[in-house]
Amino acid sequence: MNQKSKWLAVVIMIIGIMMLLNQNINLLTAAALILLTVGMLQVRNGDTRKGHRYLGIGAALLLLDNLMIVFLIVLASLAYFYSKTKRFIWTKAL
């Protein structure tokens, strides 16, 4: 398989994955994931300043794009710990 065929296969796989995850992933999420990957590669290559910038921008984009999911996770974890605390207080009082 030559180089051109390899890249064509990679592009077709990426398009297929994007079609499968169409409801959960959009252009902003894809850009954030690309920035995170570039940042990780920059840090590994030794350019930590530029790598940390890319990682920060990618993380911010990912958080802003999926803000409702982040709020849901935070609220669910708070409810879980609150219920554990209440249960602990009630068992200790009895």
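- Residues I57 and L28 are members of one and the same hydrophobic cluster, defined by side-chain heavy-atom contacts under 4.5 angstrom among Ile, Leu, Val, Met, Phe, Trp and Tyr.
- Nearest heavy atoms, L62 versus A32: N-CB, 3.8 Å.
- A heavy-atom distance below 4.5 Å is not found between the side chains of V43 and D47.
- Side-chain heavy atoms closer than 4.5 Å link hydrophobic residues (I, L, V, M, F, W, Y) into clusters, and following such links, possibly through other members, connects L33 to L55.
- Taking CG from L35 and CZ from R53, the interatomic distance works out to 13.0 Å, rounded to the nearest 0.5 Å.
- Atoms CG and OG1, on L64 and T29 in that order, are 11.0 Å from each other to the nearest 0.5 Å.
- Going from atom CG of L75 over to atom OH of Y82 covers 14.0 Å, rounded to the nearest 0.5 Å.
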